[in-house]
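First the proteins, then the strands, lettered A, B, ... as listed; each starts at 1.
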Amino acid sequence: MPLRFYNTLTLQVEPFSPASDNTVKMYTCGPTVYDFAHIGNFRTFVFYDLLRRVLSLNGFRLNHVMNITDVDDKIIRNAVAQGKSLKDYTDIYTQAFLDDCATLRLQRPETIARATDHIDGMAKAIHTLEAHGNTYSSDGSVYFRISTFPGYGKLSHNDFSGMVAGARVDVDTYEKNDARDFALWKSPKPGEPFWDTEIGPGRPGWHIECSVMAREFLGDTLDIHAGGIDLVFPHHENEIAQSEALTGQIFSRFWLHSEFLLVEGQKMSKSLGNFYTLRDLFAKGIAPEQIRYLLASVPYRKSLNFTFDGLKSAATAIDRLRNFQLRLNTDKFQEGSAERLETLAARAQTDFRASLDDDLNTAEALAAVFEFIREANIALDSGEFKAGNVASAKAVLDSFDSFFDVLKPTVAEGGLSDMEIEKLVAERTAAKKSRDFKRSDEIRAELLEKGVILEDTKDGVRWKRK
RNA sequence: GGCGCGGUAGCCAAGUGGUAAGGCCAGGGUCUGCAAAACCCUUAUUCGUCGGUUCGAUUCCGACCCGCGCCUCCA
């Protein structure tokens, strides 16, 4: 089965491949940098990362652009309140965002574009839309007239046709329709930043940046445009109107949207006290891998209930995976190879990939891996698992981690080095050998305190970081 | 009201017209000087409710109940 995605445009799962050559032109809506991004934002950003990885697994090259919205009402309000320039203010949160993405092991898009670097392009596009008759001006602001774009509503599947001027529509309703028109360009207000452009002074509306930057870097038609589901309307609907009115071409072939995230079963909000940034979670001792695993383990089209139980569960699941990896690296094996295990490993690989290709069914993909691990653990215990089976088992974990990317622990700063740990482990082994269990237990306790867990196995001692 | 998504074991969560994946928790074991580690086993006659189609439905159809999102620049 080929790679396939649920397309919001058609409300169906469709086979995916790029329109031309082997490169996927992808645009994703990035953050508005008025504050630290929260866990709900990162559900979507992790989704982008998984999307990138499944496309790569399918052999496609990526040309992925993500925007940073660094001018909008909230940013201006906050920057003014803090007496900072727009740039000084947004630089702080832009950098914080990029740091957070790196911590969560999100692959970096090929291009990260800031809105304020593309103001002239936006002005130019608005100028063209004016020439096409899609706009009207009022007090120096420019608005997009939705009634000039017949396809309006095709993404959100809303029917606005009945609201266009007509015999049965009274004056009030008609004005409401006009109220759905949206700002392409906002005239300057006293004390607010503005740019001097060919269409006059002002600043861009929210939607135009995506249309302009997507086109600039990727051309008229994208293969994939993605975002959080709340952006379907009006943001993405308006992008389509602008872009298609501008170019006459289909703006994006596929539209992918991630579902919402709840925290402890409730909508995240500051007043409920369940509003978390990554920093908040790290301060509670949560590891980045836990967050990444939890966000990745629920398929992106299903609303995700983010809970501390879930984080704990994620940590245990990751331990299970790492423990299996540790066994593969440290157990002693008999010569030979068991055919059954090769078959199981091959099946795990096939099922894993098939699940991911099926609209990123991460839950099912995980099941394929864990099923293999259980079988392999049994075989390891019984001795059925031979030296010749190690490579294929490791390959299953490699496939898993090339996508989920959680096996490598995030090492805390100031911890023991591997050398120091090895030294203590050797000392403990010596103590054990001379049956000095008191000293032996002391060392284990000491290491545990410093985040290192020892395991005595029939093949000797092994250790791992907590 | 319109559009969209969802209700599966204590929690998270797959799935199929043919009789319920996986993870966590819990209980029971194995191993071990001990175990706090590791590993194994067990855990839904049942898939929101009520009807219908069918030899057979959790899976298809209808109605209803409940939850969530968008419809006001919120991922």
Side-chain angles (χ1 to χ4, degrees), chain A residues 6 8 11 28-32 37-48 69 72-74 153 155-160 162 179-180 182-183 186 205-207 226-238 257-262 265-269 293-294 297-307 309-324 326-327 331 351 355 358 361-374 376-378 380-382 432 435-438 440-441 444-445 448 453-458 461-464 466:
Chain A
Y6 181 87
T8 306
L11 303 181
T28 59
C29 285
T32 300
H38 55 70
I39 192 63
N41 300 110
F42 280 106
R43 201 264 162 107
T44 296
F45 300 138
V46 167
F47 157 59
Y48 299 161
T69 301
D72 92 320
D73 292 346
K74 259 184 278 195
L155 181 68
S156 56
H157 303 281
N158 282 316
D159 182 8
F160 297 105
R180 285 187 186 269
F182 57 89
K186 298 181 177 185
W206 176 33
H207 315 293
I229 195 161
D230 53 323
L231 295 183
V232 172
F233 190 90
H235 184 50
H236 289 163
E237 198 73 74
N238 291 351
H257 294 98
S258 55
E259 256 295 343
F260 226 70
L261 174 142
L262 301 174
Q266 292 182 293
K267 181 167 181 170
M268 180 168 54
S269 76
Y293 184 97
L294 179 56
S297 63
V298 178
Y300 75 95
R301 284 205 295 127
K302 173 149 182 153
S303 63
L304 189 159
N305 189 10
F306 188 89
T307 65
D309 269 0
L311 284 170
K312 202 170 155 230
S313 170
T316 315
I318 293 169
D319 277 346
R320 182 168 170 78
L321 291 153
R322 287 178 181 166
N323 285 328
F324 178 63
L326 192 64
R327 288 190 83 171
D331 276 14
D351 290 352
S355 300
D358 182 12
N361 191 338
T362 50
E364 197 172 69
L366 284 172
V369 173
F370 280 111
E371 218 163 326
F372 172 71
I373 289 179
R374 189 187 64 242
N377 269 325
I378 293 170
L380 284 163
D381 285 345
S382 73
K432 260 181 72 174
R435 303 193 69 78
D436 182 357
F437 296 124
K438 184 164 171 290
S440 158
D441 288 350
R444 174 153 63 188
L448 183 62
I453 294 169
L454 294 189
E455 294 171 18
D456 291 332
T457 76
K458 59 177 179 289
V461 194
R462 65 190 184 200
W463 60 270
K464 64 183 179 187
K466 195 156 43 171

**Message:** Need to verify one output field. Residue with the more 5' nearest nucleotide on RNA chain B, Ser258(A) or Ala367(A)?
**Reply:** Ala367(A)
**Request:** Identify, between Ser440(A) and Asp319(A), the residue whose nearest nucleotide on RNA chain B lies closer to the 5' end.
**Result:** Ser440(A)
**Request:** State the CD-CZ distance between Glu259(A) and Phe47(A), to the nearest 0.5 angstrom.
**Result:** 11.0 Å
**Message:** With rounding to the nearest 0.5 angstrom, report the CG to OG distance, Leu366(A) to Ser355(A).
**Reply:** 9.0 Å
Measure from the side-chain heavy atoms of [X] and tell me the nearest of [options].
X	options	result
Thr32(A)	rA37(B), rA75(B), rG23(B)	rA75(B)
Ala363(A)	rC39(B), rA13(B), rA37(B)	rA13(B)
Asn377(A)	rC40(B), rC3(B), rA75(B)	rC40(B)
Phe233(A)	rA75(B), rA21(B), rC70(B)	rC70(B)
Lys302(A)	rA14(B), rC24(B), rG33(B)	rA14(B)
Asn305(A)	rC39(B), rC24(B), rC12(B)	rC12(B)
Met268(A)	rC41(B), rA75(B), rG23(B)	rA75(B)
Thr316(A)	rG69(B), rC24(B), rA75(B)	rC24(B)
Phe437(A)	rG33(B), rG23(B), rC34(B)	rG33(B)
Asn361(A)	rC24(B), rG15(B), rA75(B)	rG15(B)

Pick base, sugar-phosphate or nothing for [X], based on heavy-atom distances below 4.0 Å to the nucleic acid.
X	answer
Val232(A)	nothing
His235(A)	nothing
Ala317(A)	sugar-phosphate
Asp309(A)	nothing
Pro31(A)	nothing
Leu261(A)	base
His38(A)	base
Gly40(A)	base
Lys74(A)	sugar-phosphate

[X] has an atom [atom1]; how far is it from atom [atom2] of [N], in whole Å?
X	N	atom1	atom2	result
Glu259(A)	rA13(B)	CD	P	12 Å
Glu364(A)	rG22(B)	CD	C1'	10 Å
Ile39(A)	rC74(B)	CD1	C1'	16 Å
Phe370(A)	rC12(B)	CZ	C1'	12 Å
Gln266(A)	rG69(B)	CD	P	11 Å
Ile373(A)	rA21(B)	CD1	C1'	15 Å
Phe372(A)	rC40(B)	CZ	P	13 Å
Leu262(A)	rC12(B)	CG	P	11 Å

Counting just side-chain N and O atoms, does [X] come under 4.0 Å of either OP1 or OP2 of [N]?
X	N	value
Asn158(A)	rG2(B)	no
Tyr6(A)	rC5(B)	yes
Arg327(A)	rC39(B)	no
Lys438(A)	rG33(B)	no
Arg43(A)	rC74(B)	no

Could you tell me how far [M] sits from [N] if I compare only their [atom1] atoms? Round to whole Å.
N	M	atom1	value
rA21(B)	rA63(B)	C1'	32 Å
rA9(B)	rG22(B)	P	16 Å
rA57(B)	rG52(B)	C1'	12 Å
rG18(B)	rU32(B)	C1'	47 Å
rC64(B)	rU45(B)	P	30 Å
rU54(B)	rC65(B)	C1'	26 Å
rA44(B)	rA20(B)	P	11 Å
rC60(B)	rG67(B)	C1'	24 Å

Check this for me: does the side-chain of [X] come within 3.5 Å of the base of [N] through a donor and an acceptor?
X	N	answer
Asp358(A)	rG15(B)	no
Arg462(A)	rA38(B)	no
Arg444(A)	rC34(B)	yes

Searching all strands shown, indicate the nucleotide that pairs with [N] (Watson-Crick or G-U wobble; both distances under 3.5 Å).
N	value
rC25(B)	none
rA37(B)	none
rC31(B)	none
rA57(B)	none
rC50(B)	rG62(B)
rC5(B)	rG67(B)
rA14(B)	none
rA44(B)	none

**Message:** Would you call the rings of His207(A) and Phe182(A) parallel, tilted or perpendicular, taking 30° and 60° as the class edges?
**Reply:** perpendicular
**Ring geometry between Trp206(A) and His235(A) (parallel below 30°, tilted from 30 to 60°, perpendicular above 60°)** = parallel
**Message:** With the stacking rule set at 5.5 Å and 30°, tell me whether Phe42(A) counts as stacking on rA75(B).
**Reply:** no
**Prompt:** Side-chain contact, heavy-atom cut-off 4.5 Å: Thr44(A) with Tyr300(A)?
**Reply:** no
**Request:** Check whether any side-chain heavy atom of Asn323(A) lies under 4.5 Å from a side-chain heavy atom of Lys464(A), and answer yes or no.
**Result:** yes
**Request:** Give a yes or no on whether Lys312(A) atom NZ has more than 12 heavy-atom contacts from other residues, nucleotides or ligands under 6.0 Å away.
**Result:** no
